[in-house]
**Q** 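To start, I am sharing the structure in question, which I have written as C-alpha cells.
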Amino acid sequence: VKNPTWGFGLCSKSCRYVLKILSSIPPGEWDKRFSPAVQCRAARVKESFTRKGLQALARARILDAVTGPRGGYRFARRPDRISLLDIIQAIDGKAVFDRCALELTSCGDANPCPFHETWKVMKFRILKTLKRRTVNHLMRIHRRKR
C-alpha cells in the first residue's frame, strides 16, 4: 500500500486499521499468535484492507506470519521496540511524509508551495513523536480505555 489517502490522518486506511488491531492486543499477550479475522471483527475493521497491511509488516519483519490451520501473525520483536513510524513506513512506504501537504507535484525546497515551510516544521515534530511512540504505548492506552 504505497498510496495513502491523506484525508483523516497521516496514513492509509490499511495502516490505520492495522494500528487499531495491534493496539487491541493485550500487552501481556504480544508474543502469542493472533488471528487477523478475529482481531478485525473485534475492532470492527475490514479484513481485506487490514490483511494487506499485515502482509507488509511481515515483509518488513515486524510481524512473523504463522502458517497452517491455526495460522495468523505474531510480533517478530517486542512491541516496545516497534515505533509507530516503523509501522507507517512499512505499510505506506518510506517516503510517506516526503510529499507536499497540498499535493502539488512541483513543491520542494527550490520551488516551495505556500504551506511548504509550515509543513516542514510540523513534519519534523510528527516524525520525532512517531519515532518515540511504540506499539506498546498504543496497547497500554487501549487497555486503559476498556
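We number each residue from 1, following the sequence as shown.
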**Q** To the nearest 0.5 Å, tell me how far R16 CZ sits from D92 CG.
**A**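 Here the rounded value is 9.0 Å.
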**Q** If you define the side chain from C-beta out and look only at heavy atoms, does anything of L22 sit under 4.5 Å from L138?
**A**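 When only atoms from C-beta onward are counted, L138 and L22 do not touch, as no gap falls below 4.5 Å.
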**Q** Could you walk me through whether R77 and D64 satisfy the salt bridge (Lys or Arg N to Asp or Glu O under 4.0 Å) test, starting with their C-alpha distance in whole Å, then the side-chain angles of each, then the deciding distance to 0.1 Å, before giving a yes or no?
**A** CA-CA 9 Å; R77 58 186 194 259; D64 287 328; over 6 Å; no
**Q** A quick test of your reading: do over 12 heavy atoms of other residues, nucleotides or ligands sit less than 6.0 Å from NZ of K123?
**A** yes
**Q** Nearest 0.5 Å, what's the CD1-CZ distance between I88 and F97?
**A**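 I88 CD1 to F97 CZ: 4.5 Å, rounded to 0.5 Å.
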**Q** Once you round to the nearest 0.5 Å, how far does NZ of K46 lie from CZ of R51?
**A** 15.5 Å
**Q** State, to 0.1 Å, how close S14 and G53 come at their nearest heavy-atom pair, and which atoms those are.
**A**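 Residues S14 and G53, closest heavy atoms: OG-N, 3.3 Å.
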**Q** Given F115 and M122, is the side chain to side chain contact (heavy atoms under 4.5 Å, CB included) satisfied, shown in steps?
**A** CA-CA 11 Å; F115 194 63; M122 290 171 56; 3.9 Å; yes
**Q** Could you see if L102 belongs to whatever hydrophobic cluster contains W119? Use Ile, Leu, Val, Met, Phe, Trp, Tyr and a side-chain cutoff under 4.5 Å.
**A**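 Per the 4.5 Å side-chain linkage, L102 and W119 are co-clustered.
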**Q** Test your reading of the model: is there a side-chain donor-acceptor pair from R74 to the backbone of L63, 3.5 Å cut-off?
**A**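 Pair absent, no side-chain N/O of R74 close to backbone of L63.
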**Q** Could you give me the CA-CA distance, side-chain angles and deciding distance for F75 and D31, then say whether side chain to side chain contact (heavy atoms under 4.5 Å, CB included) is met?
**A** CA-CA 6 Å; F75 286 98; D31 56 343; over 6 Å; no
**Q** Quick check for you: to the nearest 0.5 Å, what is the distance between Q39 atom CD and L54 atom CG?
**A** 9.5 Å
**Q** Nearest heavy-atom pair of I62 and D86: which atoms, and what distance?
**A** CD1-O, 3.7 Å
**Q** Ignoring hydrogens, what is the shortest heavy-atom contact between V45 and K20? Give both atom names and the distance.
**A** CG1-CD, 3.7 Å
**Q** Are I25 and V66 in one and the same hydrophobic cluster, where Ile, Leu, Val, Met, Phe, Trp and Tyr link if side-chain heavy atoms are under 4.5 Å apart?
**A**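 Not linked; separate clusters.
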**Q** Give me the atom names and distance for the closest heavy-atom approach of G72 to P36.
**A** CA-CD, 4.0 Å
**Q** With under 30° as parallel and over 60° as perpendicular, where do the rings of Y17 and F49 fit, or are they tilted in between?
**A** perpendicular
**Q** Could you go step by step and tell me if R41 and V38 meet the side chain to side chain contact (heavy atoms under 4.5 Å, CB included) rule?
**A** CA-CA 5 Å; R41 272 194 304 277; V38 170; 3.7 Å; yes
**Q** Any chance you could lay out the side chain to side chain contact (heavy atoms under 4.5 Å, CB included) test for I91 and S12, step after step, and finish with the verdict?
**A** CA-CA 8 Å; I91 296 172; S12 67; 4.1 Å; yes
**Q** I want to check something: taking the side chain as every heavy atom from C-beta on, are Y73 and Q55 in contact at a cut-off of under 4.5 Å?
**A** yes
**Q** Using distance only, find each side-chain donor-acceptor pair of residues 104-111 under 3.5 Å and give its atom names and separation, not counting sequence neighbours.
**A**
| unit_1 | atom_1 | unit_2 | atom_2 | d |
| --- | --- | --- | --- | --- |
| D109 | OD1 | H116 | NE2 | 2.8 |
| D109 | OD1 | K120 | NZ | 3.2 |
| N111 | ND2 | S106 | O | 3.2 |

**Q** Can you give me the closest heavy-atom contact between C40 and E47, atom names plus distance?
**A**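 Heavy-atom minimum between the residues: SG-CA, 3.8 Å.
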**Q** Donor-acceptor pairs under 3.5 angstrom involving side-chain atoms of residues 125-136: please list them, not counting sequence neighbours.
**A**
| unit_1 | atom_1 | unit_2 | atom_2 | d |
| --- | --- | --- | --- | --- |
| T129 | OG1 | R125 | O | 3.0 |
| T134 | OG1 | N136 | N | 3.4 |
| T134 | OG1 | H137 | N | 3.2 |

**Q** Check the surroundings of atom CZ in R33: do more than 12 heavy atoms from other residues, nucleotides or ligands lie under 6.0 Å from it?
**A** yes
**Q** At what distance, to the nearest 0.5 angstrom, does CH2 of W30 lie from CE of M139?
**A** 9.0 Å
